[in-house]
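Below is one structure, written out as structure tokens; the observations come after it.
What you see is a predicted model; the values in this text were computed from it and never measured. One-based numbering, in listed order, for ligands and for the atoms of each. Residues take their numbers from the sequence shown, with the count starting at 1.
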Amino acid sequence: MIKVEHLVKEFGEVKAVDDISFEVAAGEIFAFLGPNGAGKTTSIKMLTTLLKPTGGTITIDGLDPVVKPLEVRQRFGIVFQDPSLDQELTAFENMELHGVLYHVPRKIRRERIEMLLKLFELWDRRDSFVREFSGGMKRRLEIARGLLHTPKILFLDEPTLGLDPQSRKQLWTHVKYLNETEGVTVFLTTHYMDEAERVANRVAVIDHGKIVALGSPDELKKQTNSESLEEAFLALTGSSIRDEKADSAAQMREIAKMWSRK
Ligand SMILES: Nc1ncnc2c1ncn2[C@@H]1O[C@H](COP(=O)(O)OP(=O)(O)OP(=O)(O)O)[C@@H](O)[C@H]1O
Ligand SMILES: [Mg+2]
């Protein structure tokens with residue numbers, strides 16, 4: 001369903017994605033795991049037509065997103081790392097708007113909105129404004145909306161960020177249910193390794209723009225002699241912090257040192 005070969009994305013000097021290749025089969029749940037700044041969101045943006053690759057090729061359901069962006073967009077749903085709901089519309093209106101934009105015929109649209117809002121336990125709140133929703137409710141609504149046009153692939157960039165353990169668990173139960181009943185392929189990123197271990201069939205670990213490991217959670221644990229995927233992840237990516245603020249603090253210290261030497 002997804003095929004990526006030698007994909008590269010450069011932002012000036014920064015190589016955000018550095019020659020990655022992988023495939024995701026139809027119906028698979030695939031997790032992209034990596035420290036902050038590893039290149040996960042950049043990869044998703046290229047897969048979903050939002051960014052043009054610097055090099056390499058992408059095929060989504062047999063189509064190249066650079067050549068056929070509109071056709072490719074019909075085939076996936078996406079939930080961004082940053083929320084993208086309209087706060088001034090109700091839950092129902094947000095769904096309806098999306099359905100119209102994706103040309104979902106009225107009857108099917110109404111049925112599917114009801115099915116999805118019920119599944120994600122938002123049907124009773126369908127006429128409430130999104131601005132009155134809690135973080136968890138907004139996340140559920142975004143995922144419901146991403147599934148409205150019955151996409152073949154669902155991209156989820158850190159969908160469970162900031163959710164309590166109950167909501168996280170429930171959200172994955174629903175996603176898994178749709179994966180099983182509708183066969184939707186799921187491409188997700190998360191920093192919660194326990195989730196990836198439970199939900200994903202296969203994971204790719206990405207660090208500094210490169211894939212450093214690829215396989216089932218069990219395979220990665222075996223490879224690294226680890227008890228859990230979290231342990232495997234740390235073994236593969238090391239334990240230093242990838243915080244740009246930390247980097248700039250280090251730079252400031254360097255500059256201060258240079259000045260004091262003068
Ligand atoms: N539009 C942009 N312009 C310049 N640099 C960018 C841009 N988008 C991303 N980058 C850089 O590319 C690198 C990868 O960023 P990306 O957002 O893909 O990381 P990520 O793996 O999604 O991290 P996180 O877990 O923090 O969300 C970072 O160094 C980031 O600063
Ligand atoms: Mg990201």
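- Within the structure, ligand 1 lacks Lys9 among the residues with a heavy atom less than 4.0 angstrom away.
- Close contacts between ligand 1 and His191 involve ligand atoms 25 (O) [criterion: under 4.0 Å to a heavy atom].
- Arg145 and Ser84 are linked by a side-chain donor-acceptor pair at a separation below 3.5 angstrom, with hydrogens and angles left out of the test.
- Polar contact with ligand 1: present for Gly37 (N/O pair, distance under 3.5 Å).
- Shown in contact with Thr42 at under 4.0 Å from a heavy atom are these atoms of ligand 1, numbered in order with element: 9 (C), 14 (C), 15 (O), 16 (P), 18 (O).
- Taking every heavy atom of Asn36 and a limit of under 4.0 angstrom, the matching atoms of ligand 1 come to 23 (O), 24 (P), 25 (O), 26 (O).
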- Check step by step if salt bridge (Lys or Arg N to Asp or Glu O under 4.0 Å) holds for Lys118 and Glu114. CA-CA 6 Å; Lys118 281 185 174 159; Glu114 184 171 345; 2.5 Å; yes
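- An N or O contact shorter than 3.5 Å links Ala38 to ligand 1 by distance.
- Under the 6.0 Å cut-off for aromatic ring centres, Phe76 and Phe187 do not qualify, their centroids lying 6.0 Å or more apart.
- Taking any N or O of Ser43, backbone or side chain, none lies under 3.5 Å from an N or O belonging to ligand 1.
- A salt bridge does not link Glu195 to Lys169: none of the charged side-chain nitrogens sits closer than 4.0 Å to a carboxylate oxygen.
- Put simply, the side chain of Met1 does not reach to within 4.5 Å of the side chain of Val24, judged on heavy atoms.
- The existence of a salt bridge linking Glu28 and Arg202 is confirmed by a sub-4.0 Å separation between a basic side-chain nitrogen and an acidic carboxylate oxygen.
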- Query: Taking it one step at a time, do Glu88 and Arg131 satisfy salt bridge (Lys or Arg N to Asp or Glu O under 4.0 Å)?
  - Reply: CA-CA 7 Å; Glu88 300 306 318; Arg131 65 176 133 80; 3.1 Å; yes
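- For ligand 1, the polar-atom distance check finds an N/O of Gly39 within less than 3.5 Å of one of the ligand's N/O atoms.
- For the Mg ion (ligand 2), the set of nearby N, O or S atoms under 2.8 Å includes none belonging to Thr42.
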